[in-house]
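What follows is a set of notes on a single structure, which appears directly below.
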Amino acid sequence: MIKDIIHDHLIECLDKLGISRDKEFTVEIPNNTDHGDYSTNCAMILAKENKKAPKTLAESLIKELKKKKDYKKVEMAGPGFINFTLSPAFFQRTFREIREAGADFGIQDFGKGEKVLLEFVSANPTGPLNIVSARAAAFGDTIYRVMKRVGYLPSREFYVNDAGNQVDILAESLELRLRELHGDNIGEFPYEAYHGEYVVHLAQKLNASEGVRVFMMTEKDRMEHLKEFALNELLEMQRASLERFDVSFEGWVSEKTLRAEGVVEEVLSYLTEADCTYEKDDAIWFASTKYGDDKDRVLMKSDGSITYFVPDLAYHLTKIQRGFDTLIDIFGPDHHGYVPRIKAAFKAMGYDDGILEIIFLQQVNLFESGERVKMSKRAGKIVTMDDLINVVGKDSARYFFIARKASAHLNFDLELAMQQNNENPVYYCQYAHARICSIIKKAKKDKMWPKSFKSELAAKLNKTEELAIIQKLSDLPELLTLISIHREPHRLATYIEELAAMIHKYYARYQIVSAKSKDLTHARLMLLETTKQVMAIVFELMGISAPEKM
RNA sequence: GCGCCAGUAGCUCAGCAGGAUAGAGCAGCAGCCUUCUAAGCUGCGGGUCAGGGGUUCGAAUCCCUUCUGGCGUGCCA
């Protein structure tokens with residue numbers, strides 16, 4: 001918001017001076033505080049088109065800008081930067097605006113109601129959710145929350161692969177475990193089957209309620225029955241894990257339902273109409289190389305069943321049909337080979353593949369005592385999302401997942417995340433919030449908390465630390481738009497850590513509640529109350545609690 | 001082989017999409033609690049931004065190339 005005001009000032013002055021401004025320039029916060037509170041590259045960017053030296057341009061601009069009361073200092077530096085030092089009054093005015101916004105601070109119409117579908121997790125319903133799903137859940141949900149705040153109309157969906165090969169194997173695995181319970185010798189448990197302990201538990205549960213009745217059914221009925229039972233149980237298990245993680249979905253889209261609704265046939269006919277299919281080796285192929293893929297893909301296998309690709313494509317088709325403007329898929333690291341074919345299919349069906357955006361989350365490596373925790377899905381040795389929440393807690397887990405950008409491998413140190421001390425950034429941030437609450441409590445106890453604050457007391461806030469906090473608070477709206485544009489929720493973590501550090505330093509340096517000056521106490525309490533509000537907003541966006549005390 | 005992603009301090013990572021002297025936390029060392037929470041604060045040391053070339057006023061950031069690591073390259077999902 002401050003940046004926008006400075007930007008507007010610059011435009012006003014440029015126009016007044018008759019300087020053309022076709023190229024975009026930026027207003028930034030310099031990383032060196034000697035360069036002022038804000039700086040712009042305006043003169044350097046516009047020098048060429050105005051056929052003037054950057055420094056000359058800067059000087060005339062500075063002359064004009066100095067007429068405004070908002071700046072304490074406007075200086076030229078380096079090759080033509082213009083550095084601004086704001087008057088305290090500018091900050092104080094900003095501060096009052098943030099206070100007025102209250103809990104709505106950061107809410108904008110930047111997204112202009114654009115409908116965005118976020119698909120994430122979408123794990124196979126063949127086992128408990130793992131930590132990669134947990135990362136996807138934290139990431140996708142945070143993007144959702146931020147987008148919503150800046151004016152998009154986002155929606156979260158979980159695509160359930162409740163049909164196809166994997167589910168058949170699940171049912172077969174369950175049957176084997178059931179027979180095992182009944183004392184049958186099943187020999188060696190098949191390699192492809194699901195080895196996880198949870199399948200045994202499912203068998204026990206089913207056995208307890210139905211016993212031998214299961215074996216009286218025909219083979220076909222029994223497999224259907226086992227499938228349905230296992231899917232229901234596992235889906236419910238996954239849903240419960242996500243709920244513990246404070247992640248919910250607007251939609252759970254079932255592959256089985258899609259197939260029943262005939263969308264799959266619809267997709268096949270579209271591709272055929274587009275003259276992109278052919279038959280070879282008893283299979284039906286999609287000529288995806290026509291649209292940039294490096295090899296053609298099978299749609300229908302020689303045994304007559306369709307590949308995973310087709311219903312998934314059908315699902316994406318429904319997303320478009322339901323009127324979403326932007327489709328964001330959040331995938332695990334092992335799916336990037338999948339992109340060219342799905343984009344090719346979009347083009348083949350006559351849709352702009354630009355509306356489909358795919359974000360890849362890199363893998364998660366767990367570390368314990370400096371050792372990598374080895375996991376094997378096949379052998380049923382995985383650390384589940386529930387395990388993780390049990391061990392490190394929801395706040396810590398979400399924080400660590402959000403704090404890394406998507407493209408980075410995530411080395412998750414279990415011990416660090418478990419620690420409730422200064423080594424853990426989550427607590428560092430939450431502690432800042434709790435501290436503020438504690439000071440407020442103290443003020444109330446000392447009768448230093450007024451019924452209402454006089455906003456003009458903001459003028460008392462003129463310490464470097466105080467102005468810096470206000471500046472940081474004012475960064476939030478722009479930060480949220482940037483996060484939504486670039487889909488980079490990790491910046492929330494950076495932001496909250498910086499803000500927390502400022503609060504801890506401020507606390508250490510200044511007495512807030514003091515009998516000496518009531519007005520100053522009130523001014524500082526206002527600052528802390530507003531900071532607390534902003535921190536709470538950020539925690540909420542991250543899905544992390546904002547504790548009153550620790 | 002080909003494709004995608006990554007490589008920044010001892011470790012984990014930022015670096016605001018091209019800006020000024022590359023930052024933070026942890027680890028290490030030295031200090032700070034009769035005062036609103038020491039889960040904190042203050043100070044010190046620590047770098048060939050993997051290597052090389054290019055683009056320009058200016059590169060950790062963009063392009064090319066080499067090296068290293070991860071993943072992908074199924075009629076699996």
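Proteins get letters first, then strands, A, B, ... in listed order; numbering begins at 1 in each. What you see is a predicted model, and the numbers here were worked out from it, not measured in a lab.
Using modelled atom types, one side-chain atom of Q511(A) and one backbone atom of V513(A) make a donor-acceptor pair closer than 3.5 Å.
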Close N or O pairs between protein and nucleotides 15-24 of chain B (under 3.5 Å):
| residue | atom | partner | partner atom | Å |
| --- | --- | --- | --- | --- |
| G15(B) | OP1 | H490(A) | NE2 | 2.9 |
| C16(B) | N4 | I29(A) | O | 3.4 |
| A17(B) | N6 | H486(A) | ND1 | 3.4 |
| A17(B) | N6 | E488(A) | OE1 | 3.0 |
| A17(B) | N6 | E488(A) | OE2 | 2.9 |
| A17(B) | N1 | H486(A) | ND1 | 3.1 |
| A17(B) | N1 | H486(A) | NE2 | 2.7 |
| A17(B) | N1 | R491(A) | NH2 | 3.1 |
| A20(B) | OP2 | N31(A) | ND2 | 3.4 |
| A20(B) | N6 | S39(A) | OG | 3.0 |
| A20(B) | N6 | N83(A) | OD1 | 2.7 |
| A20(B) | N1 | N83(A) | OD1 | 3.1 |
| A20(B) | N1 | N83(A) | ND2 | 3.1 |

Under 3.5 Å, which protein N or O atoms sit close to an N or O of nucleotides 74-77 of chain B? Give each pair with its distance.
| residue | atom | partner | partner atom | Å |
| --- | --- | --- | --- | --- |
| G74(B) | OP2 | K295(A) | NZ | 2.3 |
| C75(B) | O2 | S302(A) | N | 2.8 |
| C75(B) | O2 | S302(A) | OG | 3.0 |
| C75(B) | N3 | S302(A) | OG | 3.3 |
| C75(B) | N4 | D281(A) | O | 3.1 |
| C76(B) | OP2 | K301(A) | NZ | 3.0 |
| C76(B) | O2' | Q166(A) | NE2 | 2.9 |
| A77(B) | OP2 | Y308(A) | N | 3.0 |
| A77(B) | O2' | N124(A) | OD1 | 2.9 |
| A77(B) | O2' | N124(A) | ND2 | 2.8 |
| A77(B) | N3 | H335(A) | NE2 | 3.4 |

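Listed candidates were C36(B), C71(B), G40(B). Nearest to the side chain of H504(A) is G40(B). Among the nucleotides U42(B), A38(B), C13(B), the one closest to the side chain of K505(A) is U42(B). Of the listed nucleotides (C4(B), C57(B), A6(B)), A6(B) has the atom at the smallest distance from the side chain of S407(A).
The pairing partner recorded for C2(B) is G72(B), the criterion being a Watson-Crick or G-U wobble arrangement whose two distances lie under 3.5 angstrom. Across all strands shown, G43(B) forms a Watson-Crick or G-U wobble pair with C29(B), both key distances being under 3.5 Å.
For the pair K319(A) and Y315(A), the cation-pi criterion (under 6.0 Å, within 45° of the ring axis) is fulfilled. Because its NZ or CZ atom is both nearer than 6.0 Å to the ring centre of Y507(A) and within 45° of the ring axis, R435(A) counts as a cation-pi partner of that residue.
Annotation: salt bridge (charged side-chain N to carboxylate O under 4.0 Å, His left out) contacts of R341(A) (sequence neighbours excluded): none. With sequence neighbours excluded, the residues satisfying ring-ring contact (aromatic ring centres under 6.0 Å, His included) with F158(A) are F249(A), W252(A). With sequence neighbours excluded, no residue satisfies ring-ring contact (aromatic ring centres under 6.0 Å, His included) with F139(A).
What separates CZ of R404(A) from C1' of G7(B) is a distance of 15 Å, to the nearest Å.
Close to C41(B), at under 4.0 Å from its OP1 or OP2, lies no side-chain N or O of Y431(A).
Using atom C1' as the reference point in both G18(B) and A59(B), the two lie 7 Å apart (nearest Å).
Here A60(B) is in the anti range [glycosidic angle more than 90° from 0].
No donor-acceptor contact under 3.5 angstrom links the side chains of D395(A) and Y427(A), judged on distance only.
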Tell me which donor-acceptor pairs under 3.5 Å the side chains of residues 404-412 of chain A have, and how far apart each pair is, sequence neighbours excluded?
| residue | atom | partner | partner atom | Å |
| --- | --- | --- | --- | --- |
| H409(A) | NE2 | Q362(A) | OE1 | 3.3 |
| N411(A) | OD1 | N365(A) | ND2 | 3.3 |

